[in-house]
Amino acid sequence: MSRHPEIIWAQRSENLFLTVELPNAKNPKVKLDPEGKFIFSATAGPDDHLFELELELFDKVDVEASKINVGSRQIICIIQKQEKGWWKRLLKAEGKPPHFVKVDWDKWVDEDEESGTSKFDNYDFGGMDDFSKDDETDGDDGGMLYIPDLQKSS
């Protein structure tokens with residue numbers, strides 16, 4: 001039986017900050033498709049428990065412009081929205097989100113405050129990998145991008 005890692009998120013009009021909180025994740029696999037499906041799996045913990053999740057994001061995303069970074073404590077994804085604008089919620093489904101999805105208050109900015117400066121406005125995301133970096137898709141994955149073995153950053 002798999003478990004769910006904790007997900008924290010925030011947004012701007014152009015992108016989402018999605019962070020998978022899973023210390024010492026082994027063999028992380030991330031799939032992101034243009035329709036807004038985000039799939040994650042990895043093992044972690046002393047017994048190598050399987051952690052998995054599948055999220056149907058509120059709207060379509062631009063996989064080519066999205067970025068990912070795998071660290072020792074978390075996997076950080078900056079997902080570019082297909083169309084600029086504020087989403088009503090993270091997930092397509094209405095109602096209360098799953099218990100493992102939480103707001104990232106450190107990155108959160110209200111819609112009317114977006115034009116103000118944020119500590120991420122001058123951050124260099126150049127060291128992050130592109131979601132579209134890996135071209136080893138096998139054709140029968142429904143158009144999803146598959147990132148098999150990401151290098152962990154120090």
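This is a predicted model, so every value here is computed, not measured. Any value given below was found using the heavy atoms of this structure, including those in side chains, with hydrogens, waters and symmetry copies removed. Positions are given from 1, in the same order as the sequence printed here.
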Show, in sequence, the C-alpha distance, side-chain angles and deciding distance for Leu16 and Leu90, and conclude whether the side chain to side chain contact (heavy atoms under 4.5 Å, CB included) test is met. CA-CA 9 Å; Leu16 296 172; Leu90 174 65; 4.0 Å; yes
Applying side chain to side chain contact (heavy atoms under 4.5 Å, CB included) to Leu32 and Val61, what does each step give before you reach the verdict? CA-CA 9 Å; Leu32 178 67; Val61 298; 3.9 Å; yes
Can Asp33 and Val63 be said to form a side chain to side chain contact (heavy atoms under 4.5 Å, CB included), step by step? CA-CA 7 Å; Asp33 81 356; Val63 176; 5.5 Å; no
Quick one: do Gln74 and Leu22 satisfy side chain to side chain contact (heavy atoms under 4.5 Å, CB included)? Show the steps, please. CA-CA 5 Å; Gln74 54 193 199; Leu22 188 61; over 6 Å; no
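Taking all atoms of both residues into account, the shortest heavy-atom contact from Lys60 to Trp87 is O-CZ2, 3.9 Å. Nearest heavy-atom pair, Ala42 versus Ala25, reported as atom, atom and distance to 0.1 Å: CB-CB, 4.1 Å. The minimum heavy-atom distance between Ile39 and Glu54, with the atom names listed, is CG1-CG, 3.7 Å. What you find for Gln80 and Asn15 is that their closest heavy atoms are CA-CB, 4.1 Å. The minimum heavy-atom distance between Pro28 and Phe40, with the atom names listed, is CB-CE1, 4.2 Å. Heavy-atom minimum distance, Ser13 versus Trp86: CB-NE1, 3.5 Å.
Here the straight-line distance linking atom CZ of Phe38 with atom SG of Cys77 works out to 4.0 Å at 0.5 Å rounding. In this structure, CG on Leu55 lies 6.0 Å from CG on Leu57, to the nearest 0.5 angstrom. The line from OG1 of Thr19 to CH2 of Trp9 is 12.0 Å long, rounded to the nearest 0.5 Å. Summarising the geometry, atom CD belonging to Glu14 is positioned 12.5 Å from atom CD belonging to Gln82; distances are rounded to the nearest 0.5 Å. From Arg3, atom CZ reaches atom CZ of Phe51 across 5.5 Å, with rounding to the nearest 0.5 Å. For the atom pair CG (Asp59) and CD (Glu35), the distance works out to 9.0 Å, reported to the nearest 0.5 Å.
With respect to Lys37 and Glu56, a salt bridge is recorded, a charged nitrogen being found less than 4.0 Å from a carboxylate O. In summary, Lys26 and Asp48 engage in a salt bridge, as defined by a charged side-chain N under 4.0 Å from a carboxylate O. Salt bridge Arg73/Glu21: absent, no basic N to carboxylate O contact under 4.0 Å.
A donor-acceptor pair is defined here as one N or O able to donate and one able to accept, closer than 3.5 Å; no such pair exists between the side chain of Asp110 and the backbone of Asp112. Listed for the His4 side chain is a donor-acceptor partner under 3.5 Å among the backbone atoms of Glu52. At least one donor-acceptor pair under 3.5 Å links the side chain of Arg89 to the backbone N or O of Leu91. Between the side chain of Thr43 and the backbone N or O of Leu50 there is no donor-acceptor pair closer than 3.5 Å. Without hydrogens or angle criteria, Lys88 side chain to Phe58 main chain gives no donor-acceptor distance under 3.5 Å.
Ile8 and Val20 end up in different hydrophobic clusters when Ile, Leu, Val, Met, Phe, Trp and Tyr side chains are linked at under 4.5 Å.
With hydrogens and angles left out, the side-chain atoms of Lys107 and Gln11 include no donor and acceptor closer than 3.5 Å.
Within the 4.5 Å cutoff, no side-chain heavy atoms of Ile75 are placed close to those of Asn69. With contacts defined as side-chain heavy-atom distances shorter than 4.5 Å, the pair Ile68/Ile76 does not qualify.
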